[in-house]
Number of protein chains: 2
Amino acid sequence: MSMQDTASSGVALWRLVADGIERGIAEGRFAAGEKLPGEMEIAETYRVNRHTVRRALAALAERGLVRAERGSGTYVEAQRIAYPLRSRTRFSEIVGAGGREPGGQLIDASEDVASRELARELGLKVGAPLVRIESLRFADRAPICVATTWLSAARFPGAGEVYADLRSMTKLLEHFGVRDYRRASTRITAGIVDATDAARLDVALGRPILVVDSTDVDPDGRPLVTKRSRFAAERVEFLVENG
Amino acid sequence: MSMQDTASSGVALWRLVADGIERGIAEGRFAAGEKLPGEMEIAETYRVNRHTVRRALAALAERGLVRAERGSGTYVEAQRIAYPLRSRTRFSEIVGAGGREPGGQLIDASEDVASRELARELGLKVGAPLVRIESLRFADRAPICVATTWLSAARFPGAGEVYADLRSMTKLLEHFGVRDYRRASTRITAGIVDATDAARLDVALGRPILVVDSTDVDPDGRPLVTKRSRFAAERVEFLVENG
DNA sequence: TCAAGTTGTCTATAGTAATAGACAACTTGA
DNA sequence: TCAAGTTGTCTATTACTATAGACAACTTGA
């Protein structure tokens, strides 16, 4: 493993070391409460200067993943929520089941128009008026997911205000006469958080996120709502349940 | 969106611009064959110097995601494979179904010992001898997935040689008398590629990957094999099938 | 108590990144 | 054909990153 490849990647060495250490934590090599190897040892492992390691550890400490104790060492903190992938996933149940306090916040409700992709998902024409709802979800006050939801403005007039009032997508759909719906598609990929989401999720720029695109349909298969969720990968892992 | 936050993230500005452009491509804002906005326009959008944009585009061009034409503009190339999440996912079917040519390669088979995490997954003691198999999967000769598979060396003696011969996990398990098995768990998260995997997957350092941890068990629920797969997020998206 | 090990802080240098400006070389459409 | 727009290349300056060295301040265990 050579650390000299970074010139072509646009990622600072200290950042790569920080990511590597975090990976070690994520992979269970270092459990919560355990001590990391010393700075000199890490420097040797990654073939970098000790100061570079210090810079990396400072970044991790700032994010609360580790805690340095002068003279003693650097200790690990942090844990991830297991988030099951189901047709209908109740956020509060899942987070609550892990002994954490779920929370939510409406960021913004606004008008939008259907891009080609959204038009396709919602079975509308490009340019059709949409309602766009931005929301944020917490576990123990730590943000874990930002979601952008789109509905047809024609089918769901004033949906933004309704959602602001009801604070639930299921209830919003009920308000408009939808009694039953199901998840038609879910697509998962990974990306790098953008600056807006980084601020909302309280993660550093450059961090990985899980991106989930989903569309819900009525019993006849007609699209109702499409959503793009961005999960902080350092706080959430998805569970595929087999049955 | 402020680009001046990067001092604390260890990611070069040009890199953030490159990631942002790639995100636009991934989100369908720019389809294959379409022209991106010009360098000056992108510079204004991201509030950076035009040279920074040029550096970002150069990186994307080097990876084959875009192609610059002097005097004309910069054009988009690339596409992602939809990879369905099933209990038993046949790689060659999936890749082949997308009209791509599947391929595979055994990187290495070696001996390992069970870490705490692996011991837990395989129902073994920490330190138990394991067989470790590293493999790489291609679509149209582009690497899309690196997988590390672990089996009990006691249960599956010489499994590395057997796999090198048979080139199939199903056949390897049959060789050892396993006629039926199922996926007990699958966990998905996202991460940043490490240098070894970056080289294997032919992606730049700092890029996002989808990380899939899975364990297969026999009909009685006893663990047979556990695997960690790393997918290049720029080439693969997961599909959750409902039904 | 003291040596060894560990983190914390300071100074200094060389290389890369970001910005700025300018001009060349090309494409596109009127 | 020519103007406008676009990418390509060059020079220059400032700020950040990576490394190096050194010493301070603390912890830990013999």
Side-chain angles (χ1 to χ4, degrees), chain A residues 1-21 30 33-62 64-77 195 204-206, chain B residues 1-21 30 33-62 64-77 195 204-206:
Chain A
M1 179 165 92
S2 164
M3 298 303 287
Q4 309 316 321
D5 296 331
T6 63
S8 55
S9 73
V11 180
L13 271 186
W14 70 259
R15 183 55 191 275
L16 291 171
V17 174
D19 288 345
I21 292 167
F30 311 113
E34 259 184 48
K35 190 164 73 163
L36 292 177
E39 294 173 353
M40 283 309 297
E41 192 177 331
I42 293 174
E44 276 164 29
T45 298
Y46 287 92
R47 302 258 216 37
V48 296
N49 186 274
R50 187 188 140 224
H51 285 288
T52 307
V53 173
R54 289 191 57 71
R55 181 68 180 83
L57 291 174
L60 292 175
E62 193 178 329
L65 294 194
V66 301
R67 187 191 69 252
E69 290 182 13
R70 179 191 247 194
S72 171
T74 305
Y75 297 84
V76 178
E77 348 218 64
L205 284 170
Chain B
M1 178 165 90
S2 165
M3 299 301 290
Q4 309 316 322
D5 295 332
T6 63
S8 56
S9 73
V11 181
L13 272 185
W14 70 259
R15 183 56 191 275
L16 292 171
V17 173
D19 288 346
I21 292 166
F30 311 115
E34 259 183 51
K35 191 165 70 164
L36 292 178
E39 294 173 353
M40 284 308 298
E41 192 176 332
I42 294 174
E44 277 165 28
T45 298
Y46 287 93
R47 303 259 216 33
V48 296
N49 186 274
R50 188 187 139 224
H51 287 284
T52 307
V53 173
R54 290 191 57 72
R55 180 69 180 83
L57 291 174
L60 292 176
E62 193 177 331
L65 294 194
V66 300
R67 189 191 65 252
E69 289 181 14
R70 180 192 245 189
S72 174
T74 304
Y75 297 84
V76 177
E77 350 218 60
L205 285 170

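The two residues Ala56(B) and Ala18(B) come nearest to each other via the heavy atoms CB-N, 3.6 Å. Across Gly10(B) and Arg15(A), no two heavy atoms sit closer than the pair O-CB, 3.5 Å. Closest heavy-atom contact between Lys35(A) and Ser72(A): NZ-O, 3.2 Å.
Here dA18(C) presents its P atom at 17 Å from CZ of Arg47(B), a figure rounded to the nearest Å. Rounded to an integer number of Å, the gap from Arg55(B) CZ to dT16(C) P is 11 Å.
Between Leu65(B) atom CG and Phe30(B) atom CZ the span is 13.0 Å, to the nearest 0.5 Å. Once rounded to the nearest 0.5 Å, the distance linking CD1 of Ile42(A) with CD1 of Ile21(A) reads 4.0 Å. Here the straight-line distance linking atom OG1 of Thr45(A) with atom CE of Met40(A) works out to 10.5 Å at 0.5 Å rounding. Between Thr52(B) atom OG1 and Glu39(B) atom CD the span is 11.0 Å, to the nearest 0.5 Å.
Here the side chains of Leu36(A) and Leu57(A) are in contact, with some heavy-atom distance below 4.5 Å.
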Scoring nucleotides 3-12 of chain C by protein non-hydrogen atoms under 4.0 Å (B base, S sugar-phosphate only, - none) yields --BBBBBB--

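Remark: Asn49(B) is not in phosphate contact with dA18(C), judged by side-chain N or O atoms under 4.0 Å from OP1 or OP2. Residue Thr52(B) has a polar side-chain atom (N or O) positioned under 4.0 Å from OP1 or OP2 of dT19(C).
With pairs defined as Watson-Crick or G-U wobble and both atom distances under 3.5 Å, the stems of at least three pairs that touch DNA chain D come out as C:1-30 with D:1-30.
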